[in-house]
Amino acid sequence: MTPSLCTRISSLRYAASAFTLLLAGCVSGPEHVPPQMPLPAKFQEGGSKSNGDVVAAQWWTAYRDKQLDGLVAHGLSENLDVLQALERINSASANVTVAGAGGLPSLDVSASHTVSGEKGSQRTTIGTTNTTGGEASLSWLLDFFGQYRRSKESAIASLGAAYATADNAKLTFLKDLVESYIDARYYQERIALSQASLNSRQQTYELTQLQLKAGAASRLDVVQAEGLVQSTKSDIPGLQQSFTESAHHIATLLGMPAASLMGELQKSAGQPVFRGDIRAGIPADLIRNRPDIRKAERDLAAAVADIGAAEAQLYPSISLSGSISPSWVKSSGASGGTLTSWSFGPTLNLPIFDGGKLRANVDIEKSDARTQYLAWKEAVLNGVEEVENALSAVRHDTQTLAPLRRQVQTAEESLALSTTSYKDGASSLLDVLDAQRSVSDAQASLAATVQEVAKDYVDLYVAIGAGYLTEQGQNAPERMAKSD
């Protein structure tokens, strides 16, 4: 290679580098800065220690229910809402390519071959003509003011929002599934309590019939005892229907036909009880861990980039275009010949008068960005509120468990004493019936509170944004970052 040629190549490299720097320095619009807002150092009923990254914390395992663990593991890969959200990531990823393609050179190549001739009394030529041709067209819009670069930034931010939307779909699925499972076990517990209560009241009814025959009870006592039996019987079908609906909903959440899990769920496993620690973290953790807040921030980033894309349209644009069209023509009885035509040159487009349309587009994008900022702020405040409410619910509902358990014990003891006293003739049937009602009410209240406390923990861990990132999906954000 000659020194002069080396010198020219080096000059071209420097020129290309300088041209690239020039383009990079002319990007229109503001740069996105992650939003911030003042937050309290701790939740009102929480601690001051940060949770760190809890997105992979499998909090549902603290219920120590293997069947629930299996349902969650299956559902995270089969839930239809989650799968739809994951599919939207593919669409958003393709949009990144589409958005960036406008700022790259495009080359189109075409080829053709035609045979032509004339027939009839008015023909002027004899024989046929073969024409073979091709064309290569090159065009490149020089993105001086960053229209396409801003559009690509917006598309990348939208891709991040799509990832956050998928994460939020997983979190929503976890909440729905675990709470539906807790509901199903609650209805099973209520059915078991109602059947036990029915047996007790049936025994009291039979005892009253015997005492009526012995003259120790009245017909009113028998009717009252029978009425309580029938009332208990009427409660059971409704509870069974509620259990069936919960089981059907769980199957649907797992992407299965409604009745697929009925047989498996009918095997009672008792009401789930959370046996883990309360890890609420601090409000600042929510900005990192909650996918809805991350989505709002990515939507804001996309809106800010759209401002730059709109502003770039206010400025002149220059495009380079060129084409080359070689052809070969041969007529019958004559030798063939070639013809090559070419063209190359720049095109300048300068917006002068558009009735204010382009400037209005900029104002629209700025307004959208302000709206997205307010949406982000709202998402943060809603997240803080949800955690505060969940912490309060856990504390208050948990405090009612011990008194309710003691109430069940005293009601059962009262029933045993009143039943013995009634058999001995020392008390009336009304005392027994009242004691049975007290036992049923206390047991139902305890079961409902156990259900509510179990769901309070679901609300808490969903509110802090925990558990939606499975091992298979832990590298998704890194993959997205590399695509930037």
*Between I182 and L68, is a side-chain contact (heavy atoms from CB on, under 4.5 Å) present by the stated rule, with each step listed?*
CA-CA 9 Å; I182 291 171; L68 175 59; over 6 Å; no

*Verdict with supporting geometry, R150 and E153, salt bridge (Lys or Arg N to Asp or Glu O under 4.0 Å)*: CA-CA 5 Å; R150 288 303 193 194; E153 287 179 15; 2.8 Å; yes

_Assess the residue pair K152 and R149 against the criterion (side-chain contact (heavy atoms from CB on, under 4.5 Å)); give the C-alpha distance rounded to whole Å, side-chain angles, the decisive distance to 0.1 Å, and a yes or no._
CA-CA 5 Å; K152 186 174 181 180; R149 276 166 288 164; 5.7 Å; no

_CA sep, side-chain torsions, deciding dist, call: Q443, E412, side-chain contact (heavy atoms from CB on, under 4.5 Å)_ = CA-CA 10 Å; Q443 289 175 336; E412 290 175 343; 3.2 Å; yes

*Dump the intermediate steps for salt bridge (Lys or Arg N to Asp or Glu O under 4.0 Å) on D277 and R279, then the final yes or no.*
CA-CA 6 Å; D277 298 328; R279 296 179 55 191; over 6 Å; no

*asked:* The test is side chain to side chain donor-acceptor pair (under 3.5 Å); show your working for D69 and T61 and say whether it passes.
replied: CA-CA 6 Å; D69 296 344; T61 59; 5.6 Å; no

*Can Q202 and T232 be said to form a side-chain contact (heavy atoms from CB on, under 4.5 Å), step by step?*
CA-CA 10 Å; Q202 183 68 35; T232 306; over 6 Å; no

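For Q44, the CD atom counts as loosely surrounded, since its 6.0 Å shell holds 12 or fewer non-hydrogen atoms of other residues, nucleotides or ligands. Counting heavy atoms of neighbouring residues, nucleotides and ligands inside a 6.0 Å radius, atom CD of E413 does not exceed 12 of them. Within 6.0 Å of the NZ atom in K377, the count of heavy atoms belonging to other residues, nucleotides or ligands does not exceed 12.
Using a 4.5 Å heavy-atom cutoff, the side chains of Q224 and L433 are in contact. Within the 4.5 Å cutoff, the side chain of E245 has no heavy atoms near those of the D183 side chain. Counting only heavy atoms from C-beta outward, the side chains of L265 and Q67 approach each other to under 4.5 Å. Taking 4.5 Å as the limit, some side-chain heavy atom of S200 sits within range of a side-chain heavy atom of L415. Taking the side chain as every heavy atom from C-beta outward, E311 and K366 approach each other to under 4.5 Å. Within the 4.5 Å cutoff, the side chain of Y63 has heavy atoms near those of the Y457 side chain. In this structure, N289 and I464 have side chains that are not in contact, with every pair of non-hydrogen atoms separated by 4.5 Å or more. A heavy-atom distance below 4.5 Å is not found between the side chains of P291 and Y163.
For R190 (side chain) and A447 (main-chain N/O), no donor-acceptor pair under 3.5 Å exists by modelled atom type. Using modelled atom types, no side-chain atom of D434 and backbone atom of D431 make a donor-acceptor pair closer than 3.5 Å. Side-chain N or O atoms of R88 include none that pairs as donor or acceptor with a backbone N or O of A166 at under 3.5 Å. In this structure, the side chain of T172 engages the main chain of N168 through a donor-acceptor pair within 3.5 Å. At distances below 3.5 Å, not a single donor-acceptor pair connects side-chain atoms of D65 with backbone N or O atoms of Q271. The closest donor-acceptor contact from the side chain of N199 to the backbone of A196 lies at 3.5 Å or more, if one exists at all. In this structure a side-chain-to-backbone donor-acceptor pair under 3.5 Å is missing from W376 to K295. Within the 3.5 Å criterion, the main-chain N or O of V55 finds a donor-acceptor partner in the side chain of D53. D167 places no side-chain N or O within donor-acceptor distance of the main-chain N or O of Y468, the cut-off being under 3.5 Å. Side chain of S93 to backbone of I89: no donor-acceptor contact under 3.5 angstrom is found.
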Side chains of residues 247-254: which donor-acceptor pairs under 3.5 Å do they make with residues two or more places apart or in other chains?
from: H249; atom 1: NE2; to: D176; atom 2: OD1; distance (Å): 3.0
from: H249; atom 1: NE2; to: D176; atom 2: OD2; distance (Å): 3.0
from: T252; atom 1: OG1; to: H248; atom 2: O; distance (Å): 3.1

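The side chain to side chain donor-acceptor pair (under 3.5 Å) check on N90 picks up E87, with sequence neighbours excluded. Here S392 pairs with E45, H396 under the side-chain contact (heavy atoms from CB on, under 4.5 Å) rule; sequence neighbours left out. For V222, the side-chain contact (heavy atoms from CB on, under 4.5 Å) test picks out Y205, T208, Q209, L212, R219, with sequence neighbours left out. For the side-chain contact (heavy atoms from CB on, under 4.5 Å) test, residues two or more places apart in sequence or in another chain that qualify with N95 are S91. Scanning for side-chain contact (heavy atoms from CB on, under 4.5 Å) contacts around L314 gives L358, R359, V362, with sequence neighbours left out.
From T449, atom OG1 reaches atom CD of Q399 across 12.5 Å, with rounding to the nearest 0.5 Å. Taking OG1 of T419 as the start and CG of L207 as the end, the distance is 8.5 Å to the nearest 0.5 Å. Here I236 contributes atom CD1 and Q241 contributes atom CD; the two are 14.5 Å apart, rounded to the nearest 0.5 Å. A distance of 8.5 Å separates CD of Q230 from CG of L198, quoted to the nearest 0.5 Å. Here the straight-line distance linking atom CZ of R201 with atom CZ of R437 works out to 7.0 Å at 0.5 Å rounding. In this structure, CG in L446 is found 7.0 Å from CG in L401, a value given to the nearest 0.5 Å.
Across P283 and V384, no two heavy atoms sit closer than the pair CB-CG2, 4.3 Å. The nearest pair of heavy atoms linking S77 to A73 is OG-O, 3.9 Å. Annotation for A466 and W59: closest pair O-NE1, 2.8 Å, computed over non-hydrogen atoms. Of all non-hydrogen atoms in S246 and Y187, the two that sit nearest each other are OG-CE1, 3.7 Å. Contact record, A280 with N51: C-ND2, 3.3 Å, taken as the closest heavy-atom pair. Residue S421 comes nearest to S427 through the heavy atom pair OG-OG, 3.0 Å, listed as atom of the first residue, atom of the second, then distance.
Salt bridge D459/K175: present, at least one basic N to carboxylate O contact under 4.0 Å.
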